[in-house]
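Before any comments, here is the structure.
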Amino acid sequence: MASRFTIKPPGDYELKRDFCSYGYFLLHPNFWDPRKLEFSRVLSLEGGPAQVRVGQPGGVGRGLSVVASRGLTGAEREEARAQLTRVLRLDEGTETIAAFHGLDERWRAAGRGRLMRSPTLFEDIIKTVTSCNVTWPSTVQMNRRLCEVLGDPVEAGGERQFSFPSAERIARARPQTLRARCRVGYRDARIVELARLFTPRGKRGPELEASWFEDLSNSDDAVFERLMELPGIGPYAAANIMQLLGRYGRLPLDTESVRHGKTILGYKGSSAQVMKKVHRHYAPFGAHAFRSYWFELWAFYESKHGPAWTWERDSTGKLFTAALLSK
DNA sequence: GGTAGACCTGGACGC
DNA sequence: GCGTCCAGGTCTACC
């Protein structure tokens, strides 16, 4: 018997705009259905994996309907609610988004402000590692295979779907397995090491506590410094994880930023020079710099491929290559 | 502190 | 269909 419940979002929340707001919405196990305007994925809950489907039948600001593939206990329902709150950034209220629009009013009319993310910091970190030094189609493949090889299966809607593997599951895997079956290449040992750092050791907790990183009372500098100490995490990845943690003051600049700086902002010079100029360009947006930067990039992608909520997960990947975007 | 080169995979391209 | 080239961020060794 399926469980059904409703989540009340902030008054300005729009599922199709706010979920389809960051590239990870196209990565397994996330699935956005452009026809039903509904998002689904398998969540890892205390009693085992369960697929959830999330829609917003009433439109902007109205309740989010959640349907689980199996009956959930009360505790599991709260667990699912908490995970979906993280994914959808429901903790960012209208006042937070209004503050952003106060600094950058270009996005006020469309209401843009929130960026989707994963149910856990661990998944966000692994997704970021799989996006480094690789073109987007490979990132899509790595995440699909990680789920299919190491995730927990769920039968839902007549097909088998998989959860994102837990830190504990990846920690038990051999690096060679990740390389051979998940095609993560040289990232194999780094991903396993990251998983071990997030896995509880006996009665002791994990070496890395997600709650410490999520705690906004810790300074940006302290969080950035600790992220930089992690295997496979450099300046770009650390800054990207910062925005996924809700700290938008730093810019994760990569080759896409250089392309944006040159073609849209009109900057000239070496990549390093353009990156410095891009940093200066967004500095006035302060604590919301990443939102301003990202929505400019996102608007560019949408100008090429239509609104993000129309993109199909399983065919959109190949559209996002540097070669095609530069045309 | 700055820089060069290796690390892997998959897409693009030429034949 | 096959071989070659290239894009992509992090890490290490070296200056």
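All values derive from a computational prediction rather than experimental measurement. Order of the sequence lines fixes the chain letters, A, B, ..., with proteins taken first and strands second; residue numbering starts at 1 for each chain.
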Generate the contact string for nucleotides 9-15 of chain C. Rules: B means base contact, S means sugar-phosphate contact only, - means no protein heavy atom under 4.0 Å.
BSS----

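- One can place CD of Q141(A) at 18 Å from P of dG8(C), the figure rounded to the nearest angstrom.
- Residue R183(A) places at least one side-chain N or O under 4.0 Å from the OP1 or OP2 atom of dG10(B).
- The separation between D188(A) atom CG and dT9(B) atom C1' is 13 Å, rounded to whole Å.
- A salt bridge does not link R144(A) with D314(A): none of the charged nitrogens is closer than 4.0 Å to a carboxylate oxygen.
- The pair E193(A)-R190(A) does not meet the salt-bridge criterion, since no charged nitrogen lies less than 4.0 angstrom from a carboxylate oxygen.
- Ion pair E78(A)/R81(A) flagged as a salt bridge, since at least one NZ, NE, NH1 or NH2 atom sits closer than 4.0 Å to an Asp/Glu carboxylate oxygen.
- Axis orientation changes by 30° from one end of the helix from dG1(B)-dC15(C) to dC15(B)-dG1(C) to the other, with each end axis drawn from 5 pairs and the value rounded to 10°.
- The distance between atom CD1 of I191(A) and atom P of dT9(B), rounded to the nearest whole Å, is 12 Å.
- Rounded to whole Å, the distance from CZ on R259(A) to P on dG8(C) is 10 Å.
- In terms of heavy-atom proximity, P252(A) sits nearest to F290(A) at CD-CD1, 3.4 Å.
- Comment: R35(A) engages E312(A) in a salt bridge, judged by a side-chain N to carboxylate O separation of less than 4.0 angstrom.
- The two residues A50(A) and L72(A) have their closest heavy-atom pair at CB-CD2, 4.1 Å.
- When all heavy atoms of W32(A) and W309(A) are compared, the closest pair comes out as NE1-O, 2.8 Å.
- For the pair R226(A) and W212(A), the cation-pi criterion (under 6.0 Å, within 45° of the ring axis) is fulfilled.
- Between dC8(B) and R187(A), no contact under 4.0 Å exists linking OP1 or OP2 to a side-chain N or O.
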